[in-house]
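Everything on this sheet refers to the single structure shown next.
Naming: A, B, ... by sequence-line order, numbering from 1 per chain. Because the structure is a prediction, the values reported are computed rather than measured.
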Amino acid sequence: MSLKLYNSLSSKKEIFKSISDKRVKTYGCGPTVYNHLHIGNYRTFVFYDLLNRVLQMNGYETETAVNITDIDDKIIDRVNHEKLSLKEITSKYESSFIELSESLKILPNSYNPKATDYVELMISHIQDLLNEDFAYVSNESVYFSVDKDQSYERFVNLKKDDMDFSDVNPDKKFIGDFVLWKSWTEKDGNIFWDSPWGKGRPAWHTECAVMIKDLFNGQIDIHCGGVDLKFPHHENECAQVEVLCKNFLSNYWLHAEHLTMDDIKMSKSLGNVINVSSLIEDYGYDVVRLFLLSAHYRTKVSFSQKKLEECKKMTEKINRFAKNFTSDIKSIDLKFSNEHDLFIDALNDDLNTPEAIGIFFSFISEMNKKIAKNSINDSDKEKSLVFLKLFNSIFDILDFGNLHNHKIPKEVQDLLVSRQESREKQDWKLSDSIRDKIESLGWYVEDTASGQKLLKKK
RNA sequence: GGCGUCGUACCCAAGUGGUUUAAGGGACCGGUUUGCAAAACCGUUAUUCGUCGGUUCGAAUCCGACCGACGCCUCCA
């Protein structure tokens, strides 16, 4: 099955066709670095990563960009309150973003452009819009005239007649116009850039538009973001680029739904956020990743500890299954059969991770039956290895290198030996107390036909 | 107010007209196995998909009304 993606422009699943044969260019709206990011933010970033991996699975080379917004009202607020420089604040949260992305096994992007590196280009972009009469200067700020964009309202149906005119910025000619360049005000302190229209700073919508123009010549295959960005952000991004370049900014627009807290969306302004690094510490990156991928990206997910506990059990089950196979998985060739194709088809059907997980678990259960009956053959073993490798190329929750050789502490090893001795003497009391002790050190002992087996606790 | 999305078992969650009289995971209960556990295996838990109507040979899947939840229209992943 060929790759299908749900395109927000048409509100339909469409067969994906790339601009050039082999190479796919994607852009995702990244974080504003004024605070720690929460698990909801990372749901979107893990979704970008999923898209990237599925494209690669389909044989595409990917060129990916996720921007970092380091010019913003909230950042300026913090600069003024904390008496730190802009750079000091933004670089702290930027590196935290990069580090946590790595811990969650998000593949590195080709580019992570920053707004502060693009101010000059943004100024010339705004000048271009002014030259072509798509924008106007008012009170040292620059606004985009949405009337000049024939395609405006790609993502929404605004019904301009119904718009609320009560709180209109008097500098705007029309209520729907949006700002490209914000003139300096006192509360901006010493944060400003010089421009032909006076000192000020670029506005948010300008940033992504200019980065795409610069990195990708104003045209990409896929643009992603959270649903909340559809309007006005993505609409306004499109408007600026498309009036100038006369082509679609992006052929496909993918929007990820929000992670919620008790049915209310999680957001920094609402204060109902969950910190990611402590979550990874408590559960492990694999559990967090599986949790984020266990619902389809276009559905809301409610955060809960219970779900994380369930995902933890799922990762344990997968790990147990993987441990049945001793070959070096890294060197296995990916030769696919029916079971694998079902898994691939699910992912190609608009990145249907829950279905793919279901198929993988059905396969595990089928193989476990054979293992239980001791009727597993070489072909089954090979299929299993291929499936494990395929599964991990997308979900990336198995650590193949450490599957079999977790470093077992000396203390645990010694306990294992004495437990074996007590078992031989049929001293069950002692053997059970040793088992408890091993468990308190973080390991499960399982007695199998071939002797004691250790499994690292999560 | 305008625009839009969603409502599937005890919980989570796929499926969006017939190959599904509804995947998969968690949970519960019973069984096999085990010294006991754990794991694994077997079996049980939705004749039913918010409610009510309609279209169709056939609907959870399409249409309409209603009820409920949420999102966007303002910073936001």
Check your understanding: CZ of Arg320(A) versus C1' of rA38(B): gap in Å, rounded?
Key -> 7 Å
Review point. Once you round it to whole Å, what is the distance between C1' of rG26(B) and OH of Tyr283(A)?
Key: 14 Å
Review point. Quick one: on RNA chain B, does Asp72(A) or Lys429(A) contact a more 5' nucleotide (nearest heavy atom)?
Key: Lys429(A)
Study note, to complete from the structure: When Ala295(A) and His233(A) are each assigned the nearest nucleotide of RNA chain B, the 5'-most assignment goes to Ala295(A)
Between [M] and [N] - [atom1] atom distance, rounded Å:
N	M	atom1	value
rA13(B)	rU19(B)	C1'	23 Å
rC29(B)	rC67(B)	P	42 Å
rG71(B)	rG31(B)	P	47 Å
rC52(B)	rA14(B)	P	25 Å
rU56(B)	rG4(B)	C1'	29 Å
rU8(B)	rG15(B)	P	14 Å
rG68(B)	rC57(B)	P	35 Å
rU33(B)	rA38(B)	P	15 Å

Is there a donor on the side chain of [X] or the base of [N] sitting less than 3.5 Å from an acceptor on the other?
X	N	result
Lys369(A)	rC41(B)	no
Arg298(A)	rC6(B)	no
Asp228(A)	rC75(B)	no
Gln426(A)	rG35(B)	no
Arg435(A)	rA37(B)	yes
Asn352(A)	rG15(B)	no

Review point. Does Asn7(A) reach the main-chain N or O of Leu254(A) with its side chain, forming a donor-acceptor pair under 3.5 Å?
Key: no
Which nucleotide wins on minimum distance to the side chain of [X], given the candidates [options]?
X	options	result
Lys307(A)	rU5(B), rG35(B), rA13(B)	rA13(B)
Phe231(A)	rA77(B), rC72(B), rA14(B)	rC72(B)
Ala372(A)	rA40(B), rC11(B), rA14(B)	rA40(B)
Asp447(A)	rA27(B), rA77(B), rG35(B)	rG35(B)
Asn368(A)	rC41(B), rG26(B), rA13(B)	rC41(B)
Lys74(A)	rU5(B), rA77(B), rC75(B)	rC75(B)
Trp428(A)	rA27(B), rA40(B), rG35(B)	rG35(B)
Asp432(A)	rG25(B), rA77(B), rC36(B)	rC36(B)
Phe361(A)	rG24(B), rC75(B), rA13(B)	rG24(B)

Check every strand shown and say whether [X] touches a base, only sugar-phosphate, or nothing at a heavy-atom separation below 4.0 Å.
X	result
Thr448(A)	nothing
Arg419(A)	base
Gly225(A)	sugar-phosphate
Ser365(A)	sugar-phosphate
Val445(A)	base
Ile371(A)	nothing
Thr299(A)	sugar-phosphate
Gly28(A)	nothing

Rounded to the nearest 0.5 Å, what separates atom [atom1] in [X] from atom [atom2] in [Y]?
X	Y	atom1	atom2	result
Gln452(A)	Leu454(A)	CD	CG	7.5 Å
Asn275(A)	Ser277(A)	CG	OG	4.0 Å
Asn109(A)	Thr62(A)	CG	OG1	9.0 Å
Asn67(A)	Cys29(A)	CG	SG	5.5 Å

For [N], give its Watson-Crick or G-U wobble partner with both distances under 3.5 Å, or none.
N	answer
rG7(B)	rC67(B)
rC75(B)	none
rU56(B)	none
rC49(B)	none

Review point. Can a cation-pi geometry be assigned to Lys317(A) and Phe361(A), taking NZ or CZ under 6.0 Å from the six-membered ring centre and within 45° of the ring axis?
Key: no
Exercise for review: Give a yes-or-no answer on whether the side chains of Thr32(A) and Asp72(A) include a donor-acceptor pair shorter than 3.5 Å.
Suggested key: no
Review point. Can you find a pair of side-chain heavy atoms, one from Glu63(A) and one from Thr26(A), that are under 4.5 Å apart?
Key: no
Exercise for review: Taking only the side-chain nitrogens and oxygens of Lys230(A), find out if one of them lies under 4.0 Å from OP1 or OP2 of rC3(B).
Suggested key: no
